[in-house]
Visitor: 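Take this structure, written in structure tokens, and hold onto it; I'll ask about it next.
Residue numbering restarts at 1 for every chain, and letters A, B, ... go by the order of the sequence lines.
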There are 2 protein chains.
Amino acid sequence: MASTERPRRADARRNRDLLVEVARRHVRRHGITTSLEAVARDAGVGPGTLYRHFPDRESLLAEILRRESDDLAAARERAARTIDVAERLDTWLGEVERHIAAYRGLSGLLVGSLGDTAPTPLGLACQEMIAMTEEFLAAARRAGVARPGVTARDLVGCAAMVAWLGSLGPGGTRQADGARDILRHGYRAAP
Amino acid sequence: MASTERPRRADARRNRDLLVEVARRHVRRHGITTSLEAVARDAGVGPGTLYRHFPDRESLLAEILRRESDDLAAARERAARTIDVAERLDTWLGEVERHIAAYRGLSGLLVGSLGDTAPTPLGLACQEMIAMTEEFLAAARRAGVARPGVTARDLVGCAAMVAWLGSLGPGGTRQADGARDILRHGYRAAP
DNA sequence: CACCGTAGCGGAGGCTCCCTCCGCGTAGGC
DNA sequence: GCCTACGCGGAGGGAGCCTCCGCTACGGTG
């Protein structure tokens, strides 16, 4: 399975790494619709080189995300330190939201892949988030503080949704605060 | 105040109306990022004509929306027929969601204007929705079925958010159902 | 009803971005 | 050190955004 990829020439690997790194900076600054030509220019390669390594925008974004899965792991560690079970779930979802919000426009792309069963690169990133969320949700359910019927996928979807809201300028940030509050009351069990 | 607009020539008025109508169709089909050049072509006018009447995409969209405020009024009538107070608020928010979802991409634009105090065209459309939502929310509060602290603007923001989620393909629709359910539990008062 | 000033029109054109294709240079196996 | 095919750069066609300018024809006036 891993043998499908044949060895690459050294310059190809170098260029690929360079492109991902430059693209990461550009996407962080300008969102996922950033100009790919500008990325290629900034990396000092021709557009053909970029498109050979990443046939479409999505595959480039997926590679950026793949290299950041340790960020998610760190977030899990951080959230796990919260003692109160209900609050811990809140904290975790905040981390998911932050992780998604790091790249403007990513939220929409991810939601589209939330239901992917085939192992598309973006689908895998979603699986990962859903699985981690499931852990926190299960703990909350055991403690009786999570409303039955709420699924981990729903919660990740909500986090993406709030991340989207927050990405829409200063007004969006305020709206996101309100939405987050309502959602929290919505997924918690009535006491 | 209304005298700021001087009388227009007949052909100008005709072209303007035609452009709005054609644009409405295009935006409904392709979302708010639809090609303005295509709109002009389809209306049989040059791009210059379109840009003279509507200096930017947003002003064109605002005009489309302005002409649809009666749709919102009809939605209010429809929602008002629901007998149960809590359910009536749900129904109304569903109508708001539907209204926003009619044009793919509109949700983001509207959220950006939710906090507008200045009477920008888009801001006015928001004011209208917030005001109507306030009526339904007030009724729910009086009946003790709405959780205190929830504002009408929060609710409109949530409706826009769910509309956005639902616009993201088939997976999005399922996510939207889940989110809507959580939100409903979140803005209702604990019994 | 003919005339004329100007409001308003069309479209050419400059810019950016997307993506493809092809001839050439060079990395690296032998 | 040689040779081959991998991977590179960049030209180029297509689309969209928006501006500017010369001409058309609308409609007020005598």
Visitor: Can you tell me how far C1' of dG9(D) sits from CG of Leu19(A), to the nearest Å?
Guide: 13 Å
Visitor: Looking at every strand, decide which applies to Pro47(B) at a 4.0 Å heavy-atom threshold: base, sugar-phosphate, or nothing.
Guide: base
Visitor: Establish, with yes or no, whether the OP1 or OP2 oxygen of dG8(C) is under 4.0 angstrom from a side-chain nitrogen or oxygen of His53(B).
Guide: no
Visitor: Could you state the atom-to-atom distance from CG of Leu50(A) to C1' of dC8(D) in whole Å?
Guide: 13 Å
Visitor: For Arg174(A), does the CZ atom have more than 12 heavy-atom neighbours from other residues, nucleotides or ligands under 6.0 Å away?
Guide: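 For Arg174(A), atom CZ is not crowded (no more than 12 foreign heavy atoms under 6.0 Å).
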Visitor: Separation of Arg41(B) atom CZ from dA12(C) atom P, in whole Å?
Guide: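 Taking atom P of dA12(C) as the reference, CZ of Arg41(B) is at 13 Å.
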Visitor: Which one of Asp17(B), Val45(B), Val39(B) satisfies the side chain to side chain contact (heavy atoms under 4.5 Å, CB included) criterion with Val22(B)?
Guide: Val39(B)
Visitor: Looking at dT20(C), I'd like to know if its phosphate oxygens (OP1 or OP2) sit under 4.0 Å from a side-chain N or O belonging to Arg52(A).
Guide: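 No, no such contact exists.
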Visitor: On DNA chain D, does the nearest nucleotide to Thr49(B) precede the nearest nucleotide to Thr34(B) from the 5' side, or the other way round? Give the residue.
Guide: Thr34(B)
Visitor: Does dC17(D) have OP1 or OP2 under 4.0 Å away from a side-chain N or O of Ser35(B)?
Guide: yes
Visitor: Rounded to the Å, how far apart are His26(A) NE2 and dT16(C) C1'?
Guide: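 Whole-Å distance recorded here is 15 Å.
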Visitor: Between Arg13(A) and Gly48(B), which is nearer to the 5' end of DNA chain C once each is assigned its nearest nucleotide?
Guide: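 Per heavy-atom nearest nucleotide, the more 5' residue is Gly48(B).
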Visitor: So what does Ala38(B) hit on the nucleic acid, given a heavy-atom distance under 4.0 Å: a base, only sugar-phosphate, or nothing?
Guide: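 The residue Ala38(B) makes no contact with any strand.
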Visitor: Would you classify Arg16(A) as touching base, sugar-phosphate or nothing, given that sugar-phosphate means primed atoms plus P, OP1 and OP2, and contacts are heavy atoms under 4.0 Å?
Guide: nothing
Visitor: Of the listed nucleotides (dG28(C), dG16(D), dC17(C)), which one gets closest to any side-chain atom of Arg9(A)?
Guide: dG28(C)
Visitor: I need the CG-P distance between Asp56(B) and dG16(D), as an integer number of Å.
Guide: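 For the pair Asp56(B) CG and dG16(D) P, the rounded distance is 19 Å.
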Visitor: With heavy atoms under 4.0 Å as the rule, sort Arg14(A) into base, sugar-phosphate or nothing.
Guide: nothing
Visitor: Out of dT19(D), dC18(C), dG10(C), which nucleotide sits closest to the side chain of Tyr51(B)?
Guide: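 The answer is dT19(D), which lies nearest to the side chain.
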Visitor: To the side chain of Asp11(B), which of dC8(D), dG28(C), dC26(D) is closest?
Guide: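 It is dC26(D).
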Visitor: Between His53(A) and Asn15(A), is a side-chain hydrogen bond (donor to acceptor under 3.5 Å, both in side chains) present by the stated rule, with each step listed?
Guide: CA-CA 9 Å; His53(A) 284 293; Asn15(A) 272 330; 5.4 Å; no
Visitor: Are there over 12 heavy-atom neighbours, none belonging to Arg57(A), within less than 6.0 Å of that residue's CZ?
Guide: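 For Arg57(A), atom CZ is crowded (more than 12 foreign heavy atoms under 6.0 Å).
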Visitor: Starting at CE of Met161(B), measure out to CG of Leu155(B) and round the result to the nearest 0.5 Å.
Guide: 10.5 Å
Visitor: To the nearest Å, give me how far apart CG (Asp17(B)) and P (dG8(C)) are.
Guide: 14 Å
Visitor: Taking a hydrophobic cluster as the set of Ile, Leu, Val, Met, Phe, Trp and Tyr residues connected by side-chain heavy atoms closer than 4.5 Å, whether directly or through intermediates, do Val85(B) and Trp92(B) fall within one such cluster?
Guide: no
Visitor: Rounded to the Å, how far apart are Glu58(B) CD and dC17(D) C1'?
Guide: 16 Å
Visitor: Which nucleotide in the list dG10(C), dG8(C), dG25(C) gets nearest to the side chain of Arg8(B)?
Guide: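 Within the option list, the nearest is dG8(C).
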Visitor: Considering only dG7(D), dT6(C), dC19(C), which nucleotide approaches the side chain of Leu36(A) most closely?
Guide: dC19(C)
Visitor: Taking atom types as they are modelled, is there a donor-acceptor pair under 3.5 Å from the base of dC17(C) to the side chain of Glu37(A)?
Guide: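 No, the side chain and the base share no sub-3.5 Å donor-acceptor pair.
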Visitor: Any side-chain N or O of Asn15(B) below 4.0 angstrom from OP1/OP2 of dC9(C)?
Guide: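 Yes, Asn15(B) has a side-chain N/O under 4.0 Å of OP1/OP2 on dC9(C).
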Visitor: Within the 4.0 Å heavy-atom criterion, would you say Arg57(A) contacts the bases, only the backbone, or no part of the nucleic acid?
Guide: sugar-phosphate
